[in-house]
Amino acid sequence: MSKKKIEPDINPDYTESINVYGARVHNLKNIDLSIPRNKLTVITGLSGSGKSSLAFDTIYAEGQRRYIETFPSYARQFLGVLERPDVDRITGLSPVISIEQKTVNKNPRSTVGTITEIYDFLRLLFARVADAYSPTTGKIMIKYTEDQITDLVTKRYDNQRIYILSPVIKGRKGHYRELFEQIRLKGFLHARINGEIKEITSGMKLDRYNVHNIEIVIDKITVKPDDQRIKRSIKTALDHGKGIMAIAFPENSTVDYFSKYLMCPESGVSYDEPQPHSFSFNVPAGYCPKCKGLGTISEFDYDKVFPNPKLSIFQGAIAPLGKYRASIIFWQIEALAKIFKTTINKPFSELPPEFIEALLNGVDYPIKLEQSPLGSFSGYDINYHGIVEILNQQVSDENEERQAKRYFKEVTCPECKGTRLKKEARDFKINGKDIAELATMDLYLLAEWFKNLYDRLTPRRQKIAEDVLKEINNRIGFLIDVGLGYLSLHRSSKTLSGGESQRIRLATQIGAQLVNVLYILDEPSIGLHQRDNIRLIDSLKNLRDLGNSVIVVEHDKEMIEAADHIVDIGPGAGRKGGEVSISGDLKAVLQGKSMTAQYLNRTRVINIPETRRQGTGEAIQLKGATGNNLKSVDVEIPLGKFICITGVSGSGKSSLINETLHPILNTHFFNALKDPLPYKSIHGIEYIDKVIEVDQSPLGRTPRSNPATYTNVFSDIRSIYAQLPESNIRNYKPGRFSFNVKGGRCENCKGAGVQTIEMNFLPSVYVECRECRGKRYNRETLEIRFKGKSINDVLEMTINQAVEFFENIPKIKKILKTLQNVGLGYIKLGQPSTTLSGGESQRVKLSAELARPSTGKTLYILDEPTTGLHFEDVRVLLGVLDSLVEKGNTVIVIEHNLDIIKHADHIIDMGPEGGRDGGEIIAIGTPEQIAANKNSVTGQYLKAELALK
């Protein structure tokens with residue numbers, strides 16, 4: 001391809017700008033571009049116009065490749081070869097850091113605290129300056145040096161007769177004959193056993209089944225000042241007691257303990273010197289022994305195992321076993337019933353409690369099986385372990401795990417109360433708070449607590465904690481600045497949205513205080529309320545002001561208007577995009593004629609509906625929702641309407657819809673495993689026939705997954721290829737045209753078209769398969785052609801091209817048309833799902849649902865469907881959602897985008913703030929009613945959007 005002439009706006013001085021020459025990655029059309037350094041640059045344009053191709057697949061990919069090239073050749077051989085992006089050259093490139101909408105870490109041990117490393121600093125702080133409190137008396141535990149103990153004993157017990165003791169056994173069973181013999185051989189004559197001083201005799205032993213306390217009597221002495229004997233005896237006691245000694249008195253049973261380690265002076269309870277790992281829930285030294293640091297345990301769910309107590313066991317009262325059949329488990333239950341003088345034909349609710357207990361947990365004696373229904377006499381004793389044990393065994397079996405898990409529920413660990421830490425770790429406190437309490441505070445509250453902590457520490461501790469406190473305060477401040485103040489350090493990372501996890505990484509980078517770095521971000525405003533957007537923009541400007549270049553791929557109006565430089569890619573999407581429509585400041589963009597410019601200067605707008613739908617008159621009523629920060633919320637979902645759930649970030653929108661309403665309905669219609677958050681009751685489910693959640697999770701985790709396979713249109717395409725005359729001659733079946741099974745696929749890449757290179761400390765990189773050149777199939781399969789195109793040629797078509805190609809095949813055209821209607825005409829049929837954005841993945845799922853027959857009674861739930869969408873794409877999406885509602889369905893959208901909100905028939909606004917100050921419904925009604933509500937933060941922004949005075 002001929003090289004395009006360099007445009008005049010290219011700045012040849014690479015110290016002033018990043019210059020891209022001849023970029024041709026994906027749909028980019030040999031573009032030349034200059035991006036100013038140390039500025040905030042926004043790259044915008046229609047979805048699929050080539051923004052990510054420019055920012056991530058060209059600029060970032062080249063930066064990563066150059067970084068790898070700095071490694072020694074020995075290291076590079078383990079990393080493989082990174083393909084050079086299809087670009088002539090890039091000058092002025094700084095080290096690049098990409099902050100994308102990565103898949104959130106699903107590890108249950110990963111939390112906001114561990115990702116940001118704030119929890120690591122907290123652990124260090126607690127290990128160095130926390131006080132230990134006795135679990136028995138609640139008093140501060142004390143540690144002394146040997147000289148301090150000697151001085152204390154001399155002063156406290158002056159002229160008193162005392163016993164100096166060395167504890168060797170505390171609260172343990174055993175006869176201890178060997179221990180007494182060892183003590184006797186060391187020259188000690190007496191021991192204090194369970195509070196009594198006794199002489200040690202040859203062959204002496206205790207009752208092995210009782211709990212004992214044993215202390216060696218090191219010395220009996222009257223305390224006098226400057227007595228060297230006391231000093232020697234205390235040293236001996238500490239040596240034998242492993243740093244612990246005790247003082248007892250002949251006339252009473254009082255005992256005072258002293259230790260070189262942390263110890264309660266009254267009870268004698270002692271703890272090891274704390275280390276940072278003592279407060280970690282990822283290692284045995286710190287985690288709760290019951291839940292192993294997860295904070296939750298899997299518990300047998302009685303209601304799921306016995307869903308209908310009116311049935312008898314014979315009729316199938318035990319859900320995992322079903323109805324009675326000739327099997328050993330039912331013969332065991334029958335035999336057990338006879339032992340308890342009952343029968344399995346009685347309704348379950350009438351069975352005796354002691355039989356139910358034995359049925360669940362088993363018995364510790366063998367059961368003799370009687371005559372079986374098949375006529376064979378078993379006649380032997382067999383152990384019965386109980387339903388719970390049977391299900392536990394199934395959970396550990398890979399084949400039966402999913403089926404068995406439905407009869408268990410995740411509950412908060414009763415031992416650590418969800419804190420993940422062992423009891424000892426929670427006995428260390430700073431200013432009255434343990435580390436688990438701090439981790440559960442939201443960041444606003446935590447920042448307030450830390451603000452005054454330094455002044456409350458002793459001068460010695462201030463010196464120790466100064467640097468750690470500075471680091472903690474800075475990192476918390478950065479998280480609050482990017483709009484995440486409602487989160488807590490305890491929050492599991494798997495519950496974070498893509499936008500939240502991206503902003504956490506952004507805050508981490510701001511905290512790193514790097515300079516001369518190029519940051520590339522992918523829509524950081526996702527999930528942010530308009531109010532929090534200002535903070536995010538200020539954070540990005542802060543990153544710029546440190547001396548960095550910031551490139552943001554974004555559609556948000558406020559972000560575009562706040563940028564120093566704007567690059568608008570277009571004019572259309574896919575083949576119609578890939579060009580620079582305009583590159584300049586906001587004033588230059590507003591003077592342009594691009595689609596972005598038209599929406600920014602309001603010559604093109606998304607119209608407000610003339611009337612709001614009245615719905616069907618029915619509603620789903622959810623009462624008493626109390627999960628996470630919800631404060632006993634009662635909500636009514638009117639059916640047959642387009643409903644928007646709004647509110648500031650962290651106000652409880654996802655808790656109410658995604659974690660309470662959706663799991664309830666999903667369990668009702670599809671027997672889903674996920675339990676909803678706590679609620680009292682729900683009414684009106686009978687008015688809908690199914691629920692469908694269209695989220696932004698990837699279609700698949702490997703390049704094998706693509707829009708064609710997800711929407712199932714590829715099965716129909718394979719069938720067409722299998723019916724061709726050439727296929728019949730060669731006896732090719734549809735499986736021959738699958739890239740997931742042996743036969744027609746390229747075996748070098750196993751049909752993926754790419755090979756994975758594990759980068760170890762960097763994200764895995766996919767490179768084109770050298771054998772098939774990315775075509776997925778072997779030569780023989782590619783020889784079969786339909787209308788001149790091979791199966792790979794079809795996968796390489798865009799949706800728009802495929803609609804024309806399969807014009808005369810209604811079944812295929814219908815599915816492809818739905819993909820086109822949701823604004824995805826620019827993506828390829830075989831485009832790997834790993835290259836699709838969250839918004840694109842969501843729209844592929846939406847199109848798959850649209851292609852299915854509609855009943856008019858479906859409830860659709862979408863969480864921020866405008867992610868990754870340009871203003872024009874939002875307009876197209878609204879048309880699709882409207883078509884669903886027009887058929888009688890109900891659409892619930894959790895959204896911050898005002899173009900979607902103003903289009904809704906019904907709004908449920910939550911707040912008033914995020915985190916602990918949220919969880920309430922602030923306003924309900926039409927957009928006009930919300931805009932008129934002075935208590936609604938969303939209403940204030942909506943009022944301006946609706947142009948209401």
Side-chain angles (χ1 to χ4, degrees), residues 289-292 294 296-415 663-664 666-676 678 685:
K290 187 165 183 70
C291 66
K292 302 287 190 291
L294 296 175
T296 59
I297 58 169
S298 191
E299 191 178 78
F300 180 82
D301 192 333
Y302 189 93
D303 293 332
K304 288 180 181 175
V305 174
F306 309 112
N308 188 353
K310 294 178 182 177
L311 296 177
S312 66
I313 293 175
F314 190 90
Q315 294 169 319
I318 307 174
L321 302 183
K323 292 182 180 179
Y324 184 91
R325 62 187 184 279
S327 68
I328 196 164
I329 181 66
F330 279 106
W331 300 342
Q332 284 178 303
I333 293 172
E334 267 189 305
L336 188 68
K338 285 184 180 177
I339 293 171
F340 286 90
K341 296 182 172 53
T342 187
T343 170
I344 64 170
N345 293 308
K346 268 189 181 181
F348 190 82
S349 56
E350 296 177 17
L351 293 173
E354 57 273 16
F355 168 66
I356 295 174
E357 171 66 23
L359 179 71
L360 286 172
N361 301 311
V363 290
D364 55 4
Y365 49 83
I367 298 172
K368 185 178 281 292
L369 296 186
E370 302 294 337
Q371 191 85 11
S372 79
L374 296 180
S376 60
F377 183 77
S378 300
Y380 59 86
D381 292 341
I382 188 167
N383 290 323
Y384 174 68
H385 300 292
I387 301 291
V388 176
E389 180 60 29
I390 291 168
L391 289 174
N392 278 323
Q393 288 173 0
Q394 288 180 346
V395 166
S396 57
D397 186 314
E398 284 185 19
N399 298 323
E400 299 180 11
E401 179 186 12
R402 181 173 172 78
Q403 186 65 24
K405 268 190 173 178
R406 69 172 59 243
Y407 301 112
F408 287 85
K409 59 183 176 183
E410 288 287 313
V411 295
T412 301
C413 173
E415 198 162 307
I664 294 169
N666 219 15
T667 302
H668 177 80
F669 292 114
F670 309 116
N671 292 324
L673 297 179
K674 184 180 177 182
D675 289 318
I685 297 181

### Electrostatic pair Asp303:Lys409 at N-O distance under 4.0 angstrom
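Between Lys409 and Asp303 there is no salt bridge, as every charged N stays at least 4.0 Å from the carboxylate O atoms.
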Contact summary for [X] and [Y], nearest pair of heavy atoms:
X	Y	value
Lys674	Thr667	O-OG1, 3.6 Å
Leu391	Pro320	CD2-CB, 3.9 Å
Ala319	Lys304	CB-O, 3.6 Å
Ser298	Glu410	CB-OE2, 3.9 Å
Phe408	Phe300	CD2-N, 3.6 Å
Ala317	Leu311	CB-O, 3.5 Å

[X] versus [Y]: any side-chain heavy-atom pair under 4.5 Å?
X	Y	value
Phe340	Glu354	yes
Ile685	Phe669	yes
Tyr302	Leu360	yes
Phe330	Ile313	yes
Ile356	Phe348	yes
Pro289	Glu415	yes
Cys413	Lys290	yes

Separation of [Y] [atom2] from [X] [atom1] (nearest 0.5 Å):
X	Y	atom1	atom2	value
Asn345	Tyr324	CG	OH	9.5 Å
Gln332	Tyr384	CD	OH	7.0 Å
Ile329	Ile390	CD1	CD1	3.5 Å
Ile328	Ile333	CD1	CD1	11.5 Å
Leu359	Ile387	CG	CD1	5.0 Å
Ile318	Ile344	CD1	CD1	8.5 Å

### Task
Look only at the side chain of Ser312 and the backbone of Gln315, and say whether a donor-acceptor pair between them is shorter than 3.5 Å.
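Checked: pair present.
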### Task
Return yes if some donor-acceptor pair links the side-chain N/O of Glu389 with the main-chain N/O of Gly386 below 3.5 Å, else return no.
no
### Query
Would Val388 and Tyr407 satisfy side-chain contact (heavy atoms from CB on, under 4.5 Å), going step by step from the backbone distance to the final call?
CA-CA 10 Å; Val388 176; Tyr407 301 112; over 6 Å; no
### Task
May I have the step-by-step check of side-chain contact (heavy atoms from CB on, under 4.5 Å) for Ile664 and His668, ending in yes or no?
CA-CA 6 Å; Ile664 294 169; His668 177 80; 5.7 Å; no
